[in-house]
Amino acid sequence: MARARRYWLMKSEPDAYSIADLERAGVGSWDGVRNYQARNHLRAMAVGDLALFYHSNTNPPGVVGVARIGRPAYPDHTAWNPGSEYFDPKSDPEDPRWFMVDVEYVETLPESVALDTMRRDPTLAGMLVTKRGQRLSIQPVERPHFAHVLRLGGAQTRVRS
């Protein structure tokens, strides 16, 4: 029996990697994650899972698009590159500490869904990103929350039952 699709929220600063960058590329590597809990979420992702693409450190922060996981977690080679801002001298290619996934562009939302809008929406109560102090860059999202954010943003993408 196939595993049920999971849903995620992936944060990126638009100056570093935006939904427009992903749209231009079609497929991008989500590298540089250096938090163990976020890394574990990356490792739980499977091809076909969907992610809300969230622009952080901008005004206003919020969900701006949808991506699909195109390749499951694999070792993040930037950890072994001394010239990379994501270099980690304790990471060993024989026993990788950090992982990345490939994401595929799905769509840019016609209307971005601001964090404040999500916080005020009772349907999204309990969604991790709406909680104060929640800074994790990769977060699981419950299917009903994912579907509701898509509706708020006017997305063409739909979640299947």
Side-chain angles (χ1 to χ4, degrees), residues 3-73 76 78 84-86 98-161:
R3 165 190 158 306
R5 174 182 279 173
R6 291 184 184 160
Y7 301 94
W8 306 94
L9 182 138
M10 301 175 83
K11 293 182 181 179
S12 180
E13 295 179 9
D15 291 346
Y17 195 73
S18 69
I19 190 70
D21 294 329
L22 180 58
E23 181 179 16
R24 274 189 297 280
V27 176
S29 297
W30 205 275
D31 61 8
V33 173
R34 297 296 182 265
N35 171 286
Y36 288 105
Q37 189 174 5
R39 184 240 10 225
N40 292 342
H41 291 317
L42 283 174
R43 292 172 69 178
M45 292 176 171
V47 172
D49 285 357
L50 293 177
L52 298 171
F53 196 114
Y54 182 98
H55 279 173
S56 62
N57 200 23
T58 189
N59 193 13
V63 175
V64 296
V66 181
R68 180 177 22 259
I69 306 307
R71 180 178 175 190
D76 183 346
T78 65
S84 169
E85 66 182 298
Y86 302 119
W98 305 113
F99 289 80
M100 57 200 245
V101 296
D102 288 352
V103 293
E104 301 168 349
Y105 175 80
V106 174
E107 76 172 296
T108 301
L109 298 182
E111 298 290 328
S112 63
V113 183
L115 177 58
D116 285 344
T117 299
M118 291 188 284
R119 283 184 171 149
R120 288 191 306 267
D121 191 323
T123 303
L124 298 176
M127 187 175 177
L128 289 177
V129 74
T130 66
K131 296 181 180 188
R132 298 273 179 212
Q134 178 53 262
R135 299 181 45 83
L136 201 58
S137 63
I138 309 287
Q139 305 172 8
V141 176
E142 294 177 18
R143 184 192 165 290
H145 292 157
F146 193 95
H148 189 66
V149 170
L150 293 182
R151 283 192 295 276
L152 291 174
Q156 296 294 311
T157 303
R158 296 288 176 247
V159 291
R160 54 183 193 231
S161 299

Run Lys11 and Val129 through side chain to side chain contact (heavy atoms under 4.5 Å, CB included) and show every step you take.
CA-CA 10 Å; Lys11 293 182 181 179; Val129 74; 3.9 Å; yes
Note to self: side chain to side chain contact (heavy atoms under 4.5 Å, CB included) for Met127 and Val141? Distances and angles first, verdict last.
What the structure shows: CA-CA 7 Å; Met127 187 175 177; Val141 176; 4.0 Å; yes
Would Gln134 and Leu136 satisfy side chain to side chain contact (heavy atoms under 4.5 Å, CB included), going step by step from the backbone distance to the final call? CA-CA 6 Å; Gln134 178 53 262; Leu136 201 58; 3.1 Å; yes
* To do: Using the side chain to side chain contact (heavy atoms under 4.5 Å, CB included) rule, take His55 and Val63 through it: C-alpha gap first, then chi angles, then the decisive distance, then the call.
  => CA-CA 6 Å; His55 279 173; Val63 175; over 6 Å; no
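Counting all heavy atoms, side chain and backbone alike, Ala38 lies closest to Ser137 at CB-OG, 3.8 Å. Ser29 and Met100 make their closest contact through CB-CE, 3.6 Å (heavy atoms, listed as atom of the first residue, atom of the second, distance). Closest heavy-atom contact between Tyr54 and Pro61: OH-CB, 3.5 Å.
Not a single side-chain hydrogen bond (donor to acceptor under 3.5 Å, both in side chains) links Asn40 to another residue, sequence neighbours left out. Residues passing the side chain to side chain contact (heavy atoms under 4.5 Å, CB included) test with Thr157 are Leu50, Val66, Val106, Glu107, Leu150, sequence neighbours excluded.
The NE2 atom of His145 sits 12.5 Å away from atom CG of Leu9, with the distance rounded to the nearest 0.5 Å. To the nearest 0.5 Å, atoms CZ (Arg135) and CG (Asn57) are separated by 8.5 Å. The line from CG of Asp21 to CZ of Phe53 is 7.5 Å long, rounded to the nearest 0.5 Å. Asp116 contributes atom CG, which lies 11.0 Å from atom OG1 of Thr130 (distance to the nearest 0.5 angstrom). A distance of 4.5 Å separates CD1 of Ile69 from CE of Met45, quoted to the nearest 0.5 Å. Note that CG of Asn35 is 9.5 Å distant from CD1 of Ile138, once rounded to the nearest 0.5 Å.
Panel note: side chain Ser18, backbone Ala20; a donor-acceptor pair is recorded below 3.5 Å. Remark: side-chain polar atoms of Arg6 are paired, donor with acceptor, to backbone N or O of Ala44 under 3.5 angstrom. Between the side chain of Gln139 and the backbone N or O of Met10 there is no donor-acceptor pair closer than 3.5 Å. Put simply, the side chain of Ser12 never gets that close to the backbone of Pro14: no donor and acceptor are under 3.5 Å apart. In terms of modelled atom types and a separation under 3.5 Å, the side chain of Tyr105 and the main chain of Thr108 share a donor-acceptor contact. When atom types are taken as modelled, the side chain of Arg68 and the backbone of Gly48 share no donor-acceptor pair closer than 3.5 angstrom.
No more than 12 heavy-atom neighbours from other residues, nucleotides or ligands sit within 6.0 angstrom of CD on Glu111.
When each of Leu52, Asp49, Val103 is paired with Trp8, the side chain to side chain contact (heavy atoms under 4.5 Å, CB included) condition holds for Asp49 and for no other.
Counting heavy atoms from C-beta on, the side chains of Leu152 and Asp121 come closer than 4.5 Å.
Side-chain contact annotation: Thr78 with Asp31, donor-acceptor N/O pair under 3.5 Å absent.
Checked for salt-bridge contact, Asp76 and Arg34 meet the test: a charged N lies under 4.0 Å from a carboxylate O.
Residues Trp30 and Phe99 keep their aromatic ring centres 6.0 Å or farther apart.
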